[in-house]
J.: 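Below is the structure I would like to discuss, written out as structure tokens.
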There are 4 protein chains.
Amino acid sequence: MNTQAGDKVNQILDAAFQVFGTQGFYETKMSEIAEQAGIAKGTIYLYFSSKEELYKAMTERDFQRYLEELHKVVSSEGSFEELLTRIGRHHFYYYLERKEYTRVFFQSPNNDPNMWKMLRAFLQEYVSLIEQLMQRERLQAPHDLALVFSGLLDSFKMEILHSPEMGKEQVEKRISFLVQLFLKGCYELSE
Amino acid sequence: MNTQAGDKVNQILDAAFQVFGTQGFYETKMSEIAEQAGIAKGTIYLYFSSKEELYKAMTERDFQRYLEELHKVVSSEGSFEELLTRIGRHHFYYYLERKEYTRVFFQSPNNDPNMWKMLRAFLQEYVSLIEQLMQRERLQAPHDLALVFSGLLDSFKMEILHSPEMGKEQVEKRISFLVQLFLKGCYELSE
Amino acid sequence: MNTQAGDKVNQILDAAFQVFGTQGFYETKMSEIAEQAGIAKGTIYLYFSSKEELYKAMTERDFQRYLEELHKVVSSEGSFEELLTRIGRHHFYYYLERKEYTRVFFQSPNNDPNMWKMLRAFLQEYVSLIEQLMQRERLQAPHDLALVFSGLLDSFKMEILHSPEMGKEQVEKRISFLVQLFLKGCYELSE
Amino acid sequence: MNTQAGDKVNQILDAAFQVFGTQGFYETKMSEIAEQAGIAKGTIYLYFSSKEELYKAMTERDFQRYLEELHKVVSSEGSFEELLTRIGRHHFYYYLERKEYTRVFFQSPNNDPNMWKMLRAFLQEYVSLIEQLMQRERLQAPHDLALVFSGLLDSFKMEILHSPEMGKEQVEKRISFLVQLFLKGCYELSE
DNA sequence: GATGAATGAGCCTTCATTCAT
DNA sequence: CATGAATGAAGGCTCATTCAT
């Protein structure tokens with residue numbers, strides 16, 4: 001793929017991210033994406049064979065970026081607690097950037113098996129990265145802990161639904177809270 | 001609403017639960033629900049003004065039941081650990097019963113504000129119930145802990161996606177794991 | 001199929017015959033057929049699953065009628081020459097009634113195998129009917145003669161293309177001419 | 001038109017013949033023709049103003065070649081019977097070479113009047129050539145006989161639809177059969 | 001109240017044609 | 001001359017909703 005074609009592809013994916021992200025798969029019209037991308041409807045089909053395919057590609061790119069950043073975080077220097085905090089920060093800002101998108105995180109086309117395959121692959125890699133961290137800390141049941149920690153992080157989703165506006169300070173407090181809980185359990189928390 | 005009308009309403013809601021639950025909002029046709037309910041398409045509109053309305057009513061009833069059961073659990077006798085375990089069990093089996101539904105948990109009609117209002121109300125009440133439990137245990141930051149605990153429970157969703165088949169034994173182990181982590185943090189776990 | 005449904009089906013088939021007949025399969029829009037039938041676009045799909053299906057059904061009904069009439073003709077009393085004449089008349093008026101339709105006689109959807117199967121079945125039955133006549137006359141190679149005679153009749157198609165307007169008298173002359181040729185060959189014709 | 005341009009034109013017409021011939025006018029995409037011709041889509045439009053125009057040009061060239069060969073046949077030495085046989089052979093092999101094309105012989109764009117004008121002109125010339133032959137034999141009603149003979153030849157189309165595979169021997173038998181019938185009528189045939 | 005035939009707005013996708021390079 | 005990326009009009013089909021019976 002040469003530069004121009006790549007540019008167009010990304011231009012479309014950016015538009016798709018915007019529109020799918022705010023409206024969800026089903027409420028999005030291809031014409032809206034085209035308009036957002038500043039191109040004609042038909043042009044999308046030069047690069048993506050269908051609406052489903054476009055959605056999948058868009059999500060895939062997004063997940064890929066998420067994983068790349070997560071990878072950097074996990075590989076960075078720091079204590080266990082610091083790393084957990086960074087992961088939390090990463091996760092939170094990911095949701096925050098996608099505010100509306102968050103709502104429809106799981107609102108993908110139901111019946112596209114490719115979509116599900118891709119989603120599974122993402123989750124696997126995602127959990128695996130966090131698992132590595134647990135292993136380095138020589139914790140027991142690192143896989144389970146990875147799952148649980150990602151569950152904890154996902155509680156952000158609920159919080160964003162509750163109170164969409166959060167200051168930087170508050171965010172840091174939430175993250176610290178989660179990490180402390182994860183490390184010491186509920187009794188040893190001092191807010 | 002007389003008894004008969006109530007019956008019909010529930011009959012429709014049952015069908016809606018089945019079909020919406022397995023196919024998601026957008027992939028479900030009103031005719032499928034009618035067929036599942038054993039009535040004619042038009043009849044649905046005697047009781048619900050639109051597809052969105054029906055979805056909302058169906059979800060509302062489902063959430064109501066969830067809350068009722070959760071209420072019983074929270075009000076039941078037992079140690080803090082036991083109660084947390086029961087809540088976990090309740091949550092897990094809720095997801096399990098809805099297996100496919102899990103997939104589309106958030107796949108509600110995007111643009112219906114009533115839907116979002118209702119969802120917010122549910123979450124509020126849901127968290128509030130767990131918060132009470134935390135308060136009774138005289139924990140600090142009970143609201144935050146409630147949020148976090150519900151986040152932990154939601155990690156089941158991810159596990160069901162990973163490995164759809166889980167025996168009773170495994171389930172109990174998972175729940176115990178979550179509760180222990182919540183109580184003592186990651187270092188004091190022994191699997 | 002009750003009376004009403006049958007009526008609607010025929011109403012649609014009539015409209016389809018008109019529009020497909022004059023415009024051909026590809027140039028016809030479903031909306032035109034709906035308009036011609038005085039119903040809504042969607043209604044057609046209650047009775048026919050697709051444009052191809054409708055075309056096939058329309059053609060099938062038309063062929064069926066053709067065969068029924070041909071059957072009557074072949075079964076009627078009269079000398080061999082008289083019967084051939086009647087068949088010719090039948091064939092000619094069939095084309096004439098379909099003037100425009102004639103143009104597109106073979107303009108069916110190319111890639112629908114059902115369509116081709118149906119067409120083959122029609123041709124087989126059609127030739128078979130004429131073959132019976134040849135057998136009754138104890139002619140040699142009745143099947144081949146049937147094929148050839150139908151080829152002769154089809155030369156009407158070409159004539160209609162040449163001179164679309166033909167009086168009754170002229171028609172009778174053409175038919176007589178064809179039959180005489182078939183009976184005696186080209187040398188014994190006296191126009 | 002210089003040699004190179006002529007080459008390109010013929011290159012496109014050859015491709016058009018292939019693709020239109022097997023798929024029919026409506027099912028053919030300009031891009032397929034371009035691909036078959038080994039050129040870019042846009043290039044076609046340097047030589048032909050539209051799909052219809054290209055189809056017409058392709059058909060015209062094809063018909064022209066048909067007429068040229070037919071002319072040679074009609075002008076060749078031989079008895080009347082021999083000439084009829086050669087015409088039959090020519091006609092049959094024309095169809096056979098176009099096997100699939102046969103299917104769509106009349107599947108030209110419906111609403112292009114130029115197309116119809118051209119087709120009429122072809123038929124006229126075609127019949128006229130055969131008519132000359134009839135005149136040379138001093139037959140009565142040479143024009144009508146020409147029409148009828150061409151109708152007879154067209155019965156090949158039906159036979160190819162019935163049994164697509166025909167050996168050389170069978171072909172000769174069919175042709176002989178047709179010619180004999182034309183010469184002597186149905187009673188004097190011996191197969 | 002119940003029905004289900006009828007409606008028609010709406011959207012994905014195709015593909016002939018154009019035009020900047 | 002040649003290219004092929006871009007265009008956008010057009011149409012088949014779906015399905016939530018209505019309403020005469």
Side-chain angles (χ1 to χ4, degrees), chain A residues 2 4-5 7-8 12 26-35 37-54, chain B residues 2 4-5 8 12 25-35 37-55 109, chain C residues 2 4-5 7-8 12 26-35 37-54 109, chain D residues 2 4-5 8 25-35 37-55 109:
Chain A
N2 63 33
Q4 290 201 339
D7 281 0
K8 186 77 69 173
I12 294 170
Y26 293 98
E27 299 280 353
T28 293
K29 301 169 218 170
M30 290 300 266
S31 59
E32 286 179 279
I33 294 177
E35 197 178 9
I39 58 176
K41 240 179 320 168
T43 307
I44 298 178
Y45 288 87
L46 297 177
Y47 301 93
F48 302 95
S49 61
S50 69
K51 193 181 176 186
E52 277 82 7
E53 198 60 32
L54 174 58
Chain B
N2 61 32
Q4 288 204 339
K8 188 82 70 172
I12 294 170
F25 179 77
Y26 293 98
E27 299 280 355
T28 292
K29 300 171 209 165
M30 290 299 266
S31 59
E32 288 179 280
I33 294 176
E35 195 179 13
I39 58 174
K41 249 184 307 176
T43 307
I44 297 178
Y45 288 87
L46 298 176
Y47 301 93
F48 302 94
S49 62
S50 70
K51 192 183 178 186
E52 278 79 9
E53 194 58 28
L54 174 57
Y55 188 89
Chain C
N2 61 32
Q4 291 202 340
D7 282 0
K8 187 76 70 171
I12 294 170
Y26 293 98
E27 299 280 353
T28 292
K29 302 171 218 165
M30 290 301 266
S31 59
E32 287 180 279
I33 294 176
E35 197 177 10
I39 59 175
K41 240 182 319 170
T43 307
I44 298 178
Y45 289 89
L46 297 178
Y47 300 93
F48 302 95
S49 61
S50 69
K51 194 182 177 186
E52 276 82 6
E53 198 59 34
L54 174 57
Chain D
N2 62 33
Q4 288 204 339
K8 186 81 72 172
F25 179 78
Y26 293 99
E27 299 280 355
T28 292
K29 299 171 211 166
M30 290 300 266
S31 59
E32 288 179 280
I33 294 176
E35 195 179 12
I39 59 174
K41 247 183 311 175
T43 308
I44 297 178
Y45 288 87
L46 298 176
Y47 300 94
F48 302 94
S49 63
S50 71
K51 192 183 178 186
E52 278 79 8
E53 193 59 28
L54 173 58
Y55 188 90

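Numbered from 1 within each chain, the chains take letters A, B, ... in sequence-line order. Computed from a prediction, not measured in an experiment: that's the story for all the values here. Only this structure's heavy atoms are used, side chains among them; waters, hydrogens and symmetry mates stay out.
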J.: Specify the separation, in whole Å, of atom CZ of B:Phe48 and atom P of F:dT17.
T.: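 In whole Å, F:dT17 P lies 13 Å from B:Phe48 CZ.
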J.: Could you tell me how far apart D:Lys29 (NZ) and E:dA16 (C1') are, to the nearest whole angstrom?
T.: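 In whole Å, E:dA16 C1' lies 12 Å from D:Lys29 NZ.
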J.: Taking only side-chain N and O atoms of C:Tyr47, does any of them lie within less than 4.0 angstrom of OP1 or OP2 on E:dA6?
T.: yes
J.: In whole angstroms, how far is the P atom of E:dG4 from the CE atom of B:Met30?
T.: 16 Å
J.: Please give, in whole Å, the distance from F:dC15 P to B:Glu27 CD?
T.: 9 Å
J.: To the nearest Å, give me how far apart CD (B:Glu52) and C1' (F:dA16) are.
T.: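 Distance check: B:Glu52 CD to F:dA16 C1' gives 9 Å.
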J.: Between E:dA16 atom P and D:Glu35 atom CD, what is the distance in whole Å?
T.: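 My rounded result for the distance is 13 Å.
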J.: Atom CE in C:Met30, atom OG1 in C:Thr28: separation rounded to 0.5 Å?
T.: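 Going from the CE atom of C:Met30 to the OG1 atom of C:Thr28 covers 10.0 Å.
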J.: Parallel, tilted or perpendicular: which fits the ring planes of B:Tyr55 and B:Phe25, with parallel below 30° and perpendicular above 60°?
T.: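 Perpendicular: the ring planes of B:Tyr55 and B:Phe25 meet at over 60°.
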J.: On DNA chain F, check which nucleotide each of D:Ala40 and A:Thr43 is closest to and give me the residue with the more 5' one.
T.: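 Nearest nucleotide further toward 5': that of D:Ala40.
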J.: Between the base of E:dG1 and the side chain of B:Lys8, is there any donor-acceptor pair under 3.5 Å?
T.: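 No pair found.
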J.: Identify, between C:Ile39 and A:Ser31, the residue whose nearest nucleotide on DNA chain E lies closer to the 5' end.
T.: C:Ile39
J.: Looking only at heavy atoms, which two atoms of B:Ala40 and B:Ala34 are closest? And how far apart?
T.: C-CB, 3.9 Å
J.: Taking CD1 from B:Ile44 and P from E:dA2, how many angstroms apart are they, rounded to a whole number?
T.: 12 Å
J.: Determine: side-chain N/O of D:Lys41 to OP1/OP2 of F:dG4, distance under 4.0 Å, yes or no.
T.: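 No, because none of the side-chain N or O atoms of D:Lys41 sits under 4.0 Å from OP1 or OP2 of F:dG4.
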J.: Taking for each residue the nucleotide of DNA chain E bearing the nearest heavy atom, is the 5' side occupied by C:Gly42 or by D:Ser49?
T.: C:Gly42
J.: Looking at every non-hydrogen atom in both residues, tell me the closest pair between A:Ile33 and A:Ile12 and how far apart they are.
T.: CG2-O, 4.3 Å
J.: Could you give the OH-to-C1' distance, from B:Tyr45 to E:dG1, as a whole number of Å?
T.: 18 Å
J.: Any strand counts, and the cut-off is 3.5 Å on both contacts for Watson-Crick or G-U wobble. Which nucleotide pairs with F:dA6?
T.: E:dT17
J.: Looking at B:Lys51 and B:Tyr26, what are the two nearest heavy atoms and their distance?
T.: NZ-O, 3.9 Å
